[in-house]
Amino acid sequence: MEKLQLWERFKDRLYADAETGLVLDTSRMDFPAKFSAELEPRLQQAYAQMAELEGGAIANPDENRMVGHYWLRAPELAPTPELSEVITGTLTSVKAFAHSVHNGNIKAPDGGRFTRLLVVGIGGSALGPQFVADSLGNAGDRMRPYFFDNTDPDGMDRVIAEIGTALPQTLVVVISKSGGTKETRNGMLEAQAAFQRAGLNFAAHAVAVTGVDSELDRAASQQRWLARFPMWDWVGGRTSVTSAVGLLPAALQGIDVDRMLEGARRCDASTRRTATKENPAALLALSWFHATAGKGAKDMVILPYKDRLLLFSRYLQQLIMESLGKEKDLDGQVVLQGIAVYGNKGSTDQHAYVQQLREGVPNFFATFIEVLKDRPGTSGEVEPGATSGDYLSGFFQGTRTALYESGRESITITVPEVTPFTVGVLIALYERAVGLYASLINVNAYHQPGVEAGKKAAGTVLKLQGEILELMRSQQSRAFTCEECALALARPEEVETVFLILRHLAANPDHGVHMVSADKPWESRFQLRAVAR
Ligand SMILES: O=P(O)(O)OC[C@H]1O[C@](O)(CO)[C@@H](O)[C@@H]1O
């Protein structure tokens with residue numbers, strides 16, 4: 001398509017909203033006009049389903065739950081006054097707690113201010129807080145955030161080492177909606193151990209964000225932690241960043257959570273419109289349906305040309321793939337749905353995988369995120385007439401053109417700058433787009449059955465490890481091969497898992513398992529020796 005024709009399509013399709021500052025350009029998505037017309041009836045159905053969802057319908061039928069993340073920034077929409085009140089009340093208590101920490105009314109046990117924040121969580125209980133912290137963080141923040149977002153001992157050691165001598169001034173926020181996620185439980189126990197080693201009373205540094213009466217909630221209450229904030233079953237983990245999950249860490253860091261909520265609220269108003277051309281989330285969903293043929297035929301590459309938005313793709317991986325990546329649709333048909341999401345930031349990624357995007361397998365569509373403001377204040381020139389920000393914009397525009405010229409489609413989202421307001425807008429935009437797209441492909445966007453399978457499989461491995469150690473303790477003089485061990489446990493079919501468990505045990509001192517290597521790894525012998533604790 002000639003440039004001037006593209007310019008006409010750019011103008012014809014452009015979505016621009018002064019209320020949210022959001023501009024959405026789908027001119028590089030090659031769907032014909034009739035495509036929108038054909039999809040319109042299904043989009044109208046999606047709008048109707050979304051209205052029911054916001055009205056308190058059981059929009060997550062597999063778990064028999066409502067879906068209420070939009071109420072978090074519009075409590076008046078909640079289906080009962082009680083829910084409105086609990087939403088408003090929690091926001092008030094989040095802000096009050098953060099204020100008390102900042103002004104010293106809530107102090108570290110040594111009498112000093114809390115200056116460090118260690119968030120312990122995983123999935124939606126970490127990704128949202130991490131994206132908000134990184135996109136809006138600055139050197140002068142009230143508290144410096146750190147994260148335990150995995151059950152990796154070395155990873156946690158590195159964080160504790162980074163916190164260093166500031167551990168006495170560290171507030172720990174343990175986040176788990178279910179209150180039972182093992183990685184988060186492990187992170188909490190590791191943090192407790194680190195505080196204990198430092199002679200600190202963990203409970204006097206600890207706050208919980210979790211479901212009322214969950215395992216974590218009960219532990220925090222019994223151990224008399226500093227505070228507990230509620231999560232509710234009608235807020236999913238991947239859509240919880242505008243609940244206390246995201247708001248508490250952000251408020252403690254010193255981020256204006258009211259502006260974040262206002263951005264989300266205003267975006268929600270725009271994505272409630274049933275005129276597709278006026279609804280940016282619908283335009284995204286329509287573009288995704290076109291690009292992926294409504295069945296994930298192409299991947300979604302997220303390319304923000306802004307360092308602050310680096311973690312947005314990781315956040316969107318959970319929001320989009322945990323919502324849309326489903327085996328069955330709402331009618332129980334096997335559909336194997338989803339859209340793969342990846343990306344980091346431009347122009348950096350141009351020196352990594354953009355080569356393949358430009359010339360290689362055309363199995364994706366790109367989403368550029370353009371931020372107009374280069375930096376607070378002014379920039380010096382890097383050459384006559386050009387600043388580094390000019391280059392960043394030039395690389396974005398050049399990559400968009402280069403991809404389109406080689407038949408690769410793209411969407412461009414433009415915001416004025418990265419602020420709490422625009423972060424709220426971007427989060428709300430994608431939450432709604434996922435919901436509308438899920439309606440188009442008839443899947444439940446609000447449950448995650450596949451993850452349970454992984455959790456169960458991990459439980460099986462740990463149980464088998466316990467049986468192996470018990471066997472080795474009962475025959476300490478014996479050195480087992482993995483096959484002998486599996487046979488002795490009457491689990492010959494599990495020999496490979498036994499091998500993987502033994503190899504990991506022998507690589508660490510904790511259980512006293514030693515390996516005598518053989519040429520062939522599976523012929524190595526494993527024996528228990530006394531553990532020097
Ligand atoms: O907040 P929780 O209950 O610890 O769950 C953490 C994450 O694990 C999941 O349940 C499964 O990945 C996510 O949906 C959730 O964000």
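Since the structure is predicted, the reported quantities are computational estimates derived from the model, not experimental observations. Atoms within a ligand are numbered from 1 in the order they appear, just like the ligands themselves.
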Heavy-atom count around [X] [atom1] within 6.0 Å, excluding the residue itself: above 12?
{"X": "Glu496", "atom1": "CD", "answer": "no"}
{"X": "Arg144", "atom1": "CZ", "answer": "no"}
{"X": "Glu452", "atom1": "CD", "answer": "yes"}

### Heavy-atom nearest neighbour of atom 8 (O) of ligand 1 within options Arg238, Lys455, Glu452
Lys455
Distance-only check: which donor-acceptor pairs under 3.5 Å involve side-chain atoms of residues 196-208, not counting sequence neighbours?
from: Asn201; atom 1: OD1; to: Ala203; atom 2: N; distance (Å): 3.2
from: His205; atom 1: ND1; to: Thr170; atom 2: O; distance (Å): 2.8

### Query
Should the pair Tyr342 and Tyr353 be assigned to parallel (<30°), tilted (30 to 60°) or perpendicular (>60°) ring geometry?
perpendicular
Go through ligand 1 atom by atom and flag the ones less than 4.0 Å from a non-hydrogen atom of [X].
{"X": "Gln318", "result": "13 (C), 14 (O), 15 (C), 16 (O)"}
{"X": "Ser178", "result": "2 (P), 3 (O), 4 (O)"}
{"X": "Ser176", "result": "1 (O), 2 (P), 3 (O), 4 (O)"}
{"X": "Gly124", "result": "15 (C), 16 (O)"}
{"X": "Gly123", "result": "16 (O)"}
{"X": "Gly237", "result": "16 (O)"}
{"X": "Val451", "result": "11 (C), 12 (O)"}

#### Entry: Nitrogen or oxygen atoms of Thr184 and ligand 1 under 3.5 Å apart
no
### Under 3.5 Å: N/O of Gly179 near N/O of ligand 1
no
### Task
Could you tell me whether Glu322 approaches ligand 1 through its side chain, its backbone, both or neither, with non-hydrogen atoms closer than 4.0 Å?
side chain
### Summary
Nearest heavy-atom approach of Ala98 to Leu252 is CA-CD2, 3.8 Å
### Summary
In this structure, atom 6 (C) of ligand 1 is nearest to the protein heavy atom Ile122 O, 3.3 Å
### Message
Starting from atom 5 (O) of ligand 1, what is the nearest protein heavy atom, named by residue and atom, and what distance separates them?
### Response
Thr181 OG1, 3.5 Å
### Query
Do you see a donor-acceptor pair shorter than 3.5 Å between the side chains of Tyr437 and Thr292?
yes
### Face-on cation placement of Arg272 at Tyr47 ring, 6.0 Å and 45° thresholds
no
